[in-house]
Amino acid sequence: MPKAFYVTTPIYYVNDKPHIGHAYTTIACDVLARFKRLDGYDVKFLTGTDEHGQKVAKAAAEKGVTPQEICDLNSQTFRDVAKNLGISNDDFIRTTEPRHIAACQALWKRLEENGQIYLDKYAGWYAVRDEAFYDEGELTKGPNGEKLAPTGAPVEWVEEESYFFPLSKWQDKLLALYDANPDFIGPKSRFNEIYSFVKGGLNDLSISRTAFSWGVPVPGNPKHVMYVWIDALTNYITGLGYPDESGEMAKFWPKTDPVALHVVGKDIIRFHCVYWPAFLMAANLPLPRRVFGQGWWTVEGQKMSKSLGNAIDPNALIEKYGRDQLRFFLLREIPYGNDGDFSEAAIAGRINGELANAFGNLAQRFLSFIAKNLGGVLPEPGPLTDADKELLGACRSLADQCREAFERQAFHDALEAIFVVVRAANGYVDVQAPWALKKTDPARMSTVLYVLAECTRHLAILMQPFTPDATAKLLDQLAVPEGERTFAFLGPDHALKGGATLPAPQGVFPRYGDPPKAAGKGA
RNA sequence: GGCGGGGUAGCUCAGCUGGUUAGAGCAUGGGAAUCAUAAUCCCGGGGUCGGGGGUUCGAGUCCCUCCUCCGCUACCA
């Protein structure tokens with residue numbers, strides 16, 4: 001039975017406009033999903049939109065439309081971006097869907113049955129904009145003496161009946177969970193933060209609201225709707241068919257040896273690492289395996305913000321740089337988990353220096369040589385020299401290096417390992433100099449060209465998760481059948497066969513900033 | 001204030017439990033090659049490893065202290 005892997009993005013709030021941060025998370029998950037599929041796993045990849053809450057209701061009222069209309073419209077923009085990014089999600093969850101409402105209510109009832117919900121009164125300073133309560137001490141004074149949240153949002157005193165989740169009782173269980181699973185939270189710095197947060201004691205959580213109605217109704221008390229985190233976090237099991245616990249639930253949310261990975265922004269790590277496991281334990285449900293909190297991007301050194309209006313539409317970036325190029329850049333530029341800066345100079349440097357000059361040109365230089373000198377027929381290799389074996393050996397050890405890096409979501413390490421080999425391959429071409437062998441030793445020339453092709457096959461297969469479009473074209477040019485592009489086909493047993501006719505080579509990674517080639521060339 | 005993580009070549013970073021002349025990529029200088037998307041390859045310059053003290057035969061790597069940056073968290077008259 002194939003191993004299972006479940007990966008999720010956060011659900012994106014429909015009140016937001018898609019920006020580079022959303023694209024980043026979604027791309028990271030997509031690369032993970034593609035990698036695991038290629039490695040033979042049974043993969044489920046879920047993304048979607050978070051559609052409830054007061055802000056949506058308010059926005060709808062302002063525009064004179066229903067909340068559902070706003071949700072439909074904005075949810076679609078997130079779907080469109082995902083499609084444009086080449087995202088391979090298996091499902092797209094919307095929290096306004098009946099299946100999700102059913103799942104939330106089922107989870108709620110289960111918590112209730114387990115004595116994990118109680119009714120009380122909540123009073124405090126509430127900021128509509130943040131959808132959060134603040135302590136008196138956290139507030140600051142605005143220019144007119146009004147009270148403001150630390151985020152700058154205006155607050156109002158709210159007193160209302162609310163259901164509560166006894167989070168405070170789960171402190172020990174959570175600490176035990178972290179102790180037993182030190183990789184439950186990545187990167188390590190986030191683990192430390194969460195651990196010390198929980199160690200410092202937890203307050204019970206208010207999990208319902210009566211002030212607005214755009215949400216999942218609380219079973220048995222429709223005056224209340226569920227408050228954001230119960231609603232939002234539950235999406236991860238809605239997508240697996242919960243409350244039906246057979247089928248995908250059994251497979252991707254198993255009772256032992258969990259397989260789920262939640263990728264989230266560092267701003268919501270706490271909800272995923274503290275609240276979510278507490279809810280699940282309280283409902284006697286299994287847990288995810290790991291939560292990874294990724295960093296944030298600045299743009300040209302500037303923090304992205306609404307007021308600056310410098311958030312970039314991912315569609316514009318795809319248009320400008322290319323889909324594969326954007327995907328590659330975001331995962332290559334910085335160690336995953338760190339913050340990064342998106343700049344024209346940086347992405348142009350990666351595109352030209354690595355994709356075009358190093359990798360793309362490596363393929364082009366021997367493919368066009370084969371086309372011109374051997375009529376496009378992949379030659380048969382002769383005896384291998386030490387140099388040949390060394391290069392092929394480096395290619396063949398790459399898969400395990402990538403697997404190890406992917407276990408840690410260390411995309412940058414996987415890519416660095418790949419590019420070490422790319423550079424080695426370029427060095428090999430120069431040293432072997434097939435253009436000189438053409439006159440002195442054609443047989444040896446054939447072997448060199450073959451080794452380069454076989455090496456590039458490995459590189460292309462492993463690069464597929466990052467740059468799916470370009471590597472598909474490259475594997476076409478190596479005449480690798482579509483069914484033979486998974487990791488199972490890496491290694492000598494499935495090596496390229498001499499004598500194959502290769503299609504006319506064509507660059508797969510254009511330089512950025514070069515004038516476009518004459519139109520009409522196809523592709 | 002507490003906890004945690006950083007401060008290593010111009011830039012971004014790697015350096016596990018202390019041990020040969022401190023590394024990589026990019027940038028920069030020089031050279032080679034000409035198969036290739038004027039792409040590639042080789043060689044070089046460049047670092048008081050934040051400051052100071054200490055342990056050790058030996059410290060970027062351990063201890064103390066100070067400076068500084070960041071994250072989480074707490075609190076205040």
Side-chain angles (χ1 to χ4, degrees), chain A residues 135-140 150 185 187-203 265-270 273-274 293-296 298 301 303 322 325 329 332-343 345-374 387 405 410 412-413 415-420 422-439 445-446 448-449 452-453 456 470 473-474 477 505-518 521:
Chain A
D135 290 332
E136 179 86 42
E138 292 180 86
L139 304 178
T140 57
I185 303 165
K188 194 72 169 91
S189 52
R190 300 292 160 208
F191 180 96
N192 294 340
E193 279 177 21
I194 293 297
Y195 196 95
S196 69
F197 172 74
V198 172
K199 204 153 193 189
L202 298 167
N203 296 319
K266 63 183 183 181
D267 52 323
I268 53 172
I269 191 97
R270 182 193 301 171
C273 300
V274 182
Q294 61 171 26
W296 286 349
T298 52
K303 203 171 161 184
Q325 285 77 2
F329 173 77
R332 169 62 168 153
E333 180 68 2
I334 52 164
Y336 195 55
N338 288 10
D339 291 345
D341 182 52
F342 186 98
S343 71
I347 189 170
R350 292 293 181 188
I351 291 173
N352 289 337
E354 298 191 318
L355 290 181
N357 295 353
F359 187 40
N361 184 54
L362 168 69
Q364 192 67 7
R365 59 195 304 206
F366 76 83
L367 283 172
S368 64
F369 194 95
I370 291 172
K372 285 179 191 164
N373 296 289
L374 299 173
H412 56 290
D413 283 343
L415 285 168
E416 177 57 24
I418 290 171
F419 272 83
V420 164
V422 169
R423 281 177 231 125
N426 272 315
Y428 172 89
V429 183
D430 277 53
V431 171
Q432 301 301 323
W435 51 90
L437 294 168
K438 187 171 72 170
K439 297 163 202 155
M445 174 196 77
S446 292
V448 167
L449 294 172
L452 284 166
T456 303
K473 287 186 207 158
L474 186 49
Q477 294 182 33
Q506 194 185 356
V508 296
F509 289 115
R511 286 177 58 84
Y512 172 73
D514 287 359
K517 285 272 167 83
K521 271 204 155 174

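Chain letters run A, B, ... following the sequence lines, proteins first, then strands; residues in each count from 1.
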Next item on the list: For Val508(A), answer base if it contacts any base atom (sugar-phosphate contacts may also be present), sugar-phosphate if it contacts only those atoms, and nothing otherwise; contact means non-hydrogen atoms under 4.0 Å.
Entry: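 Touches a base.
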
Note to self: Taking any heavy-atom pair under 4.0 Å as a contact, classify Gly427(A): base, sugar-phosphate, or nothing.
What the structure shows: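 It contacts sugar-phosphate atoms only.
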
Can you pull every protein N or O that's under 3.5 Å from an N or O on nucleotides 4-8 of chain B?
| residue | atom | partner | partner atom | Å |
| --- | --- | --- | --- | --- |
| G4(B) | O2' | Asn192(A) | ND2 | 3.2 |

Not counting sequence neighbours, which residues clear side-chain contact (heavy atoms from CB on, under 4.5 Å) with [X]? List them please.
X         : result
Pro187(A) : Ser189(A), Arg190(A), Phe292(A)
Thr456(A) : Leu362(A), Ala363(A), Phe366(A), Leu474(A), Leu478(A)
Ile268(A) : Pro10(A), Trp229(A), Val264(A), Phe271(A), His272(A)
Tyr195(A) : Leu175(A), Tyr178(A), Asp179(A), Phe191(A), Lys199(A)

Check: Could you write out RNA chain B as a dot-bracket string, with dots for unpaired bases, | for bases paired across to another strand, and Watson-Crick or G-U pairs counted at under 3.5 Å?
Finding: (((((((..((((.....[...)))).(((((.......))))).....(((((..]....))))))))))))....

How would you list, by chain and number, every residue that makes a salt bridge (Lys or Arg N to Asp or Glu O under 4.0 Å) with [X], sequence neighbours excluded?
X         : result
Asp430(A) : Arg365(A)
Asp341(A) : none
Arg332(A) : Glu354(A), Glu416(A)

Restricting to nitrogen or oxygen on both sides, can you table the protein-nucleotides 28-36 of chain B pairs closer than 3.5 Å?
| residue | atom | partner | partner atom | Å |
| --- | --- | --- | --- | --- |
| C35(B) | O2' | Arg365(A) | O | 2.8 |
| C35(B) | O2 | Arg365(A) | NE | 3.1 |
| C35(B) | N3 | Arg365(A) | NE | 3.3 |
| C35(B) | N3 | Arg365(A) | NH2 | 2.6 |
| C35(B) | N4 | Arg365(A) | NH2 | 3.0 |
| A36(B) | OP1 | Lys372(A) | NZ | 2.3 |
| A36(B) | O2' | Asn361(A) | OD1 | 2.5 |
| A36(B) | N3 | Asn361(A) | ND2 | 3.1 |
| A36(B) | N3 | Arg365(A) | NE | 3.3 |

Next item on the list: Just jot down the ring-ring contact (aromatic ring centres under 6.0 Å, His included) partners of Phe197(A), sequence neighbours excluded, or say none.
Entry: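 Once residues adjacent in sequence are excluded, Phe197(A) has no partner under the ring-ring contact (aromatic ring centres under 6.0 Å, His included) criterion.
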
Note to self: Closest-nucleotide mapping onto RNA chain B: is Leu362(A) or Asp339(A) further toward the 5' terminus? I mean the 5' end.
What the structure shows: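 Going by which nucleotide is closer to the 5' end, it is Asp339(A).
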
Next item on the list: Report the residues that fulfil side chain to side chain donor-acceptor pair (under 3.5 Å) with Gln294(A), sequence neighbours left out, ordered by chain and then residue number.
Entry: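 Side chain to side chain donor-acceptor pair (under 3.5 Å) list for Gln294(A), sorted by chain: Thr25(A), Tyr336(A).
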
